[in-house]
Amino acid sequence: VVERLDEHTARWSTDDGVFVVPCGNRSVGALPDDFVATPSSLALLRGLLQDHSCGRDVCLLQPRGCAKTTTVLAMATLLGYEVETFALYK
């Protein structure tokens, strides 16, 4: 569960504890409808949110089709961020 505390922070409550995380200016708190909540996708999302709460930058390096974009969009939607996607090619 994610709830806004003020203009720039939100509270994220899990079974592991409560985390205060930076957030965007859009509404917070709901996963996108197309997010498939499997144990592994939720574990990745939880790890991303924990890293974000500590102010760490994250880079996801996986093959095509591993739901990197979907997971980042889920995190952004939970925290009220606007997302801009772009592709990097070799």
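What you are looking at is a predicted structure, and each value in this text was computed from that prediction instead of being measured.
- Listed by chain and number, the hydrophobic cluster partners of Leu61 come to none, as no ILVMFWY side chain reaches under 4.5 Å of it.
- Across all their heavy atoms, Thr77 and Pro32 have their closest contact at OG1-CG, 3.8 Å.
- Legend: residues meeting ring pair (Phe, Tyr, Trp, His ring centres under 6.0 Å) with Phe35, ordered by chain and number and at least two apart, are absent.
- Taking a 6.0 Å sphere around CD of Glu82, one finds it holds 12 or fewer heavy atoms contributed by other residues, nucleotides or ligands.
- Cluster membership for Val28 and Leu73, using ILVMFWY side-chain heavy atoms within less than 4.5 angstrom, is not shared.
- Annotation: side chain of Leu31 is in contact with side chain of Leu45 (closest heavy-atom distance under 4.5 Å).
- Looking only at distances, no side-chain donor or acceptor of Thr9 sits under 3.5 Å from a matching main-chain atom of Leu5.
- Within the 4.5 Å cutoff, no side-chain heavy atoms of Leu49 are placed close to those of Val2.
- The backbone N or O of Gln50 sits less than 3.5 Å from a side-chain atom of Ser53, completing a donor-acceptor pair.
- Applying side-chain contact (heavy atoms from CB on, under 4.5 Å) to Trp12 and the options His52, Glu3, Arg46 leaves one that passes, Arg46.
- Heavy atoms only, all atoms of each residue included: Cys23 and Asp6 are closest at SG-O, 4.5 Å.
- Shown here are the side-chain contact (heavy atoms from CB on, under 4.5 Å) partners of Leu60, two or more places apart in sequence or in another chain: Leu44, Leu48, Val58, Lys68, Val72.
- In this structure, the side chain of Arg4 does not engage the main chain of Gly29 through any donor-acceptor pair within 3.5 Å.
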